[in-house]
Amino acid sequence: MGSEEISSRGIRIAIDRGGTFTDCVGNPGSGKMEDDILIKLLSVDPSNYNDAPLEGIRRLLSRFTGKEIPRGEPLDTSKIESIRMGTTVATNALLERKGEDIAMVVTKGFKDCLAIGNQSRPNIFALDIRKPEVLYKKVVEIDERVTLEDYAEDPERTQTKAEPIEKAGSNTELVRGLSGETVRILQRPEEEIIRKQLQEVFDGGLKSIAVCLMHGYTYPNHEALVGKIAKEIGFEHVSLSHELMPMIKLVPRATSACADAYLTPAIRKYIDGFSKGFEGGLGSKSVKREKGSKGARCEFMQSDGGLVDVDIFSGLKAILSGPAGGVVGYALTSYDPQTKIPVIGFDMGGTSTDVSRYGAGRYDHVFETTTAGVTIQSPQLDINTVAAGGGSRLFWKNGLFVVGPESASAHPGPACYRKGGPLTITDANLLLGRLLPDFFPKIFGKNEDEGLDADASEKLFKELAQQINKEISGGNKDKEMSLDEVAHGFIKIANETMTRPIRSLTEARGHDTSKHRLATFGGAGGQHAVAIAEALGISQILIHRYSSVLSAYGMALADVVDERQEPESKVWSEEKDVREYLQQKMQELKSKSTATLNDQGFGGDQIHFEEYLNLRYRGTESALMIVKPTKEEADKEFDGDDWAFGKAFVKQHEQEFGFTLPDRDIIVDDVRARGIGKTFEGLEKTVDQQLKEIKPKDLNKGDKQYGSKKVYFEGGRQETAIYKLEDLAVGDRIKGPAIIADGTQTIVVTPGASALVINTHVIINIGESDGQDKQVSTQEVDPILLSIFAHRFMAIAEQMGRALQKTSVSTNVKERLDYSCALFDSEGGLVANAPHLPVHLGSMSTCVRKQASIWKGKLKKGDVLVSNHPMFGGTHLPDITVITPAFSGDKIIFYVASRAHHADIGGILPGSMPPHSKELYQEGAAIKSEKLVSEGHFNEKRITELLLDEPGQYPGCSGTRCLSDNINDLKAQVAANQKGINLISTLMSDYGEAVVKFYMHNIQANAESSVRALLKSVYKRFEGQDLSAEEFMDDGSPIRLKVTIDPDKGEAVFDFSGTGPEVYGNINAPEAVTYSAIIYCLRCLISEDIPLNQGCLKPIHVLIPKKSFLSPSDNAAVVGGNVLTSQRVTDVVLKAFKACAASQGDTNNLTFGFGGTTLSGNDGETNRKRTETKGFGYYETIAGGSGAGPTWHGTSGVHTHMTNTRITDSEVFERRYPVLLREFGLRTGSAGKGMHDGGEGVIRDIEFRIPVQVSILSERRVYHPYGMAGGGDAACGLNIWVRKVDTKKVDENSDAKAAPPSEQGQQPTTVGAVEALEMKDADVTRAEDVEYRYINLGAKNTASMRPGERIIIHTPGGGGWGEQGQESKAMEKQDPQIAWRQGSIAARQQTAEASA
């Protein structure tokens, strides 16, 4: 609808209701910016009005019509063309947990699926693990079950044929699901039982339910039946997971259904109240009304950046409603489709700083995000909170400047808000003169009529500066910092904290940050924009004239959107039939979308589509949502083929991940259509069009100046001109230093930058930095620089990690992020590593130091070393470390290293993690110290010998089973190391080699002083008490520890004398593992974010008896040492410090599969033939209970201490492997009781559908996890094999089974329907000749299991704290980042921390 067709009822209103302010933009219908009216009012002001958006509309209508409309009078909709809104109602309900009380309906066996989630913990160093609470009040388990008939890892690629759901009969056991996969129906639900179960819930007072059943995304019939019964009973709201988001993954889909059921009633309640304020009502139905006064169109912004009619706005799509408007606002006003320069959005408000990216003319969407602790599966804009905004609090901790993540929030707000608040970034800007009280609304003080209180900020800064100077100056006045220096130090750290995640957002997707523009908006953005842009290498900043109300303006520009998606499982092919099938599916989705948009008043030309296929390579999990190429792209790149999804996927995969897999199938996971109802075309010219036409005019000193003041920039205060934005004309250019302000924003133009005013924006061009290079001293430690270098060193390790992930090919590295990258000083001492995998913390430096001493004086530029041997700083053999020295002249000045978990490196079993290895050679290739690269030449021949030939010479062993992946990943590790060297070289050219080395040393000294302070405080707490502990492994091997602290020096001796001898088994742990466990425990006990480096171990002296199982010999097997003994060492250290009760002390390593490489003939024969049976291997670790502590209860179903790996989602598990997951839930009664109870373990019951080899490697099956301070012990674990015994062939009194035929190479057969249905609980004879028996497998075992046999793993709980009956001292702790929007950046970090 073009703007020239303005009707008589043309008023358009757009509103963003934020946490603090509600912003309103009104236009009389002309669409011209100069006719807009802007209003900003408090979101909550009960003494004046009940609802801020309604009040905003009343004020706008009064202005447009020229007559005052009294409050409370229903508003006349006849003059309103449309109202568009973004709201925080859903987010607030989620944060405050004030949604509707709901019940969740789920498949039997999965009642705890959301309590367990993905089993990883949010903060790896918190002993008091806090997982977000579930949203439901009650769970109903429905006795129904379907599974997928075929499995993705099948080497034969079997595809069972079946009729589609709609054609299949009511008793058919096999049907084709919506995704094209064949579904086996194992148990149909019984309608009467469900009706009884739901009636009970309804009678209990719950009126909203969420339904999510196993594989409901592809077979929705059972969910639909539950929905139908619920509606008949009278439930007011029913959320069915397959209708909301038909994507595979039970947990995110169930959470999404719960979120929708929880939030939609709250939103409907709000909308009903809001609509009552209008005479004709709101929404497309009210506009079509034949009789009575007509309503107005009203649309709400959804999380995906599209608007939707008020009548169909739902809770699931509302969570990012407000921030989405800002992204739409900057995207449509800052991006030029001709020049195609991508834009980074930087939205810094009072309580959060959000970043996002817009490029290629399309929004970046993510499909799984976490907000307020709830992970949701739904298309959402990729918005990432990176800091707490202007309200970020300022701290001095452990000798470092720290900003956030805690926030002063809106109440009490910063110190200058006159409510007794703490020091924040806003106070620092005010003190430095970068915030002008004259331009800030006077809404503070008792009567809400006073301005900002600069004195309050100054008073608190004086107190903080005094504390800092006392610690750093040692009484020497010359070393003291001024107030300005302290405040500016915090601003620099805040900027550093924000640039790291912005870099991550762009680089992780394969984009160069410096090739973007920065679009800044939100109240505080203008004060930080220049520094942020400089740090990112960006040269141009765009600040829209409406930047402080850009979210509302974005609503005015946005389109109405209808999203449709269906699951799929086809293999992509250029063949005609595959294309036609997918095109038909796409057309069906588009037709549904068109009908919905027609209902909302959109006709033919106004409807456009974006068409997507979600594609991935077979065997990987990184699906990419590929948009259909435009005509222009198709002509240029794909020979005019606009359905070239496959080629477009390969191109994007290359860009994002750095490689392609030409020999693998491309799988279609989902088909998606995004229907767009185009509304108003903007009239404004783009930024680039305006820049072409404008002739800049430099203002002379004093021209148009509002005033001036002294403002602090790097090096001191400078006289700075102040301008009012409305006094400046288009084309005016101002040289920094300057401040441009209006009533809602303050833009700081630093020295060396200039600001140009154009019609729609203020554009800041960054020139040279402010001139004088500050000489950095290496005599004294500057605490600001120390904090900055802590960030820079970590950023380098993170960027190395991204380079490694981008160029590697294996799933372990690319998707599970199972790697660590680190930098070390010239002695091999750790400076920084990322991500923090506890088991790599101490061991990486052991490895680098060992190699540095072996090769001292022998290395040349371009040499790279490789090692994985346990005696040389390795943890277990699959973790291969690649080390590169960096030279200055012929002197090594530092090292970088990367360690990655390789999926296979040979040995007796696929995966190189055998549960029953006795010698090291059985675990695969062991490399002590080799040159991987010599002076730039990659030695492929030697590494092939080491990985393939040498391990295969041992009896029963194979060489690596994936050599090409190994070599590719090793090359990626070399490239990542080179990236680290280049980045440190850049740092050295900025600051000088001496300065970088000086701060490498001092960041270690800082960590050392934190640990010394901890040890002194521990000594005081336990003065005179014995700090010793003893624990036993399940085989009886003791771990003994005595800690002796020197309180004067803050040093401690960790003496493991009395620990048991080396074991003829695999629980031996290399010394490096014990060092890692100690660093991890110390970091948990300090419970603050300190740099984790070599300094942590300086005050610690570790004594481990040689040839004990914590310091084994060269050839001892160690695979269990890394995953099990490391957990038990942690138990012993925390027990000695009396920190908390024991957690499960185990990782419950389960592996199963078939196939592999074998050598025929007898040992010792030459020319033995190598045969390979194609198969698959699967590996997982399983959660248990965490231990309780003095102020917390344990947490159930979570990973603890040295591991944090996620569990494969239940539906993905059954799609990929020939298994049926009978149960995955909490193990009631396994927790230790006490004043604070421990956490419960879990039960995981897996039935196998083909013959497989199953292995379990676990601990705590004999010795209970201990309670502490009088708390009870937790239950031990138990591993059960449900074994099918053929009674015909077996003597009645025997438990032995007739030896099965060799399953090696046998074609797997899928369990038949009858057999599958018969496999209910055991110990009863099913047929005359078969019975099922429960057999205890013990802690470590392997077995050949037949179809229909099961393994049931009961994991240990966590111990209790304090005696039962004592009054609880548990403290509620709110996560300061709970409200942060967690898009792709947070998802990446959580994945990395969940790879341990």
Side-chain angles (χ1 to χ4, degrees), residues 1-16 21-41 56-67 79-84 325-326 328-336 439 519-521 526 542-558 679-697 699 704 706 723-734 740-747 755-764:
M1 134 187 11
S3 48
E4 59 282 351
E5 309 165 30
I6 296 163
S7 61
S8 56
R9 49 179 293 166
I11 296 171
R12 303 172 187 168
I13 294 168
I15 297 172
D16 173 36
F21 290 106
T22 292
D23 301 328
C24 313
V25 178
N27 184 281
S30 68
K32 291 177 181 164
M33 246 177 121
E34 56 265 35
D35 297 334
D36 289 344
I37 294 176
L38 272 55
I39 288 176
K40 214 175 181 57
L41 64 161
I57 295 168
R58 185 191 70 78
R59 291 184 194 180
L60 285 171
L61 287 178
S62 298
R63 296 271 294 273
F64 284 129
T65 57
K67 56 177 191 283
K79 302 267 190 315
I80 300 173
E81 185 177 334
S82 78
I83 295 169
R84 296 167 155 207
V328 174
Y330 86 75
L332 298 183
T333 58
S334 304
Y335 179 79
D336 186 318
F439 288 89
T520 177
F521 54 108
L542 310 179
I543 305 174
H544 196 273
R545 284 179 183 264
Y546 290 173
S547 79
S548 71
V549 294
L550 199 62
S551 286
Y553 192 59
M555 316 276 172
L557 302 174
T679 46
F680 317 120
E681 295 299 327
L683 297 179
E684 307 302 336
K685 289 179 175 169
T686 69
V687 167
D688 290 296
Q689 286 168 340
Q690 292 176 61
L691 284 174
K692 267 190 198 149
E693 295 165 11
I694 280 174
K695 294 188 171 48
K697 174 174 152 286
L699 289 189
K704 303 188 180 180
Y706 168 77
Y723 299 90
K724 284 175 86 167
L725 185 53
E726 59 261 39
D727 296 344
L728 300 173
V730 170
D732 284 351
R733 185 162 59 197
I734 297 158
I740 303 171
D742 66 11
T744 57
Q745 60 179 331
T746 307
I747 301 166
L756 172 67
V757 179
I758 65 172
N759 193 31
T760 53
H761 292 72
V762 175
I763 294 186
I764 298 179

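Keep in mind that what you see is a predicted model, and the values were worked out from it rather than measured.
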**Study point:** I83 CD1 to I57 CD1 distance, which is reported to the nearest 0.5 Å
**Key:** 4.0 Å

Practice item. Report the distance from atom CG of L725 to atom OG of S547, rounding to the nearest 0.5 Å. Key: 9.0 Å

Check your understanding: Between CD1 of I758 and NZ of K685, what distance do you get to the nearest 0.5 Å?
Key -> 11.5 Å

Practice item. Check whether any side-chain N or O of D688 sits under 3.5 Å from a backbone N or O of L691 as a donor-acceptor pair, and report yes or no. Key: no

Exercise for review: Could you walk me through whether T22 and I15 pass the side chain to side chain contact (heavy atoms under 4.5 Å, CB included) test, one step at a time?
Suggested key: CA-CA 7 Å; T22 292; I15 297 172; 3.7 Å; yes

Point to revise | Least distance between heavy atoms, V328 atom then G554 atom | key: CG1-O, 3.5 Å

**Study point:** Flag, side chain of Y330 to backbone of L542, donor-acceptor distance under 3.5 Å
**Key:** no

Review point. Which heavy atom of V762 sits nearest a heavy atom of A755, and at what distance?
Key: CG1-CB, 4.1 Å

Review point. Between I11 and L60, is any pair of side-chain heavy atoms under 4.5 Å apart?
Key: no

Point to revise | Residues which pass ring-ring contact (aromatic ring centres under 6.0 Å, His included) with Y723, listed by chain and number, not counting sequence neighbours | key: none

Exercise for review: Go through the steps to decide whether K697 and D732 satisfy the test side chain to side chain contact (heavy atoms under 4.5 Å, CB included), and finish with yes or no.
Suggested key: CA-CA 5 Å; K697 174 174 152 286; D732 284 351; 4.0 Å; yes

Check your understanding: Aromatic rings F439 and Y706: how do their planes relate, parallel, tilted or perpendicular, breaks at 30° and 60°?
Key -> perpendicular

Practice item. Compare every heavy atom of N27 with every heavy atom of G29, then report the nearest pair and how far apart it is. Key: N-OD1, 2.7 Å

**Study point:** Value rounded to 0.5 Å, distance of CZ in R545 from CG in N759
**Key:** 6.5 Å

Check your understanding: Is there a donor-acceptor contact under 3.5 Å from the side chain of S551 to the main chain of G326?
Key -> yes

Point to revise | Pairwise side-chain contact, L728 with I734, heavy-atom cut-off 4.5 Å (strictly under) | key: yes

Practice item. Could you tell me which non-hydrogen atom of S548 sits nearest to which non-hydrogen atom of K40, and how far apart they are? Key: O-NZ, 3.2 Å

Point to revise | Check: L41 and R59 side chains under 4.5 Å, non-hydrogen atoms | key: yes

Exercise for review: List in chain and number order the residues that pass side chain to side chain contact (heavy atoms under 4.5 Å, CB included) with D727, two or more places apart in sequence or in another chain; answer none if no residue qualifies.
Suggested key: K724

Revision key, fill the gap. What one should report as the nearest heavy-atom pair of P28 and D35 is CD-O, 3.4 Å

Practice item. Indicate yes or no: at least one non-hydrogen side-chain atom of V549 is less than 4.5 angstrom from one of D16. Key: no

Check your understanding: Roughly how far, to the nearest 0.5 Å, is the OG1 atom of T686 from the OH atom of Y335?
Key -> 11.0 Å

Review point. Is any side-chain heavy atom of E726 closer than 4.5 Å to a side-chain heavy atom of D742?
Key: yes

Exercise for review: Give me the ring orientation class for Y553 and H544: parallel if the planes are under 30° apart, tilted from 30 to 60°, perpendicular past 60°.
Suggested key: tilted

Check your understanding: Taking the side chain from R84 and the backbone from A556, do they hold a donor-acceptor pair closer than 3.5 Å?
Key -> yes

Review point. Is there a side-chain contact between T333 and L557 (heavy atoms, below 4.5 Å)?
Key: yes

Practice item. Working to the nearest 0.5 Å, report the span between SG of C24 and CE of M555. Key: 11.0 Å

Check your understanding: Looking at side-chain heavy atoms only, is the closest gap between H761 and I543 below 4.5 Å?
Key -> no

Review point. Given Q690 and V730, is the side chain to side chain contact (heavy atoms under 4.5 Å, CB included) satisfied, shown in steps?
Key: CA-CA 10 Å; Q690 292 176 61; V730 170; 6.0 Å; no

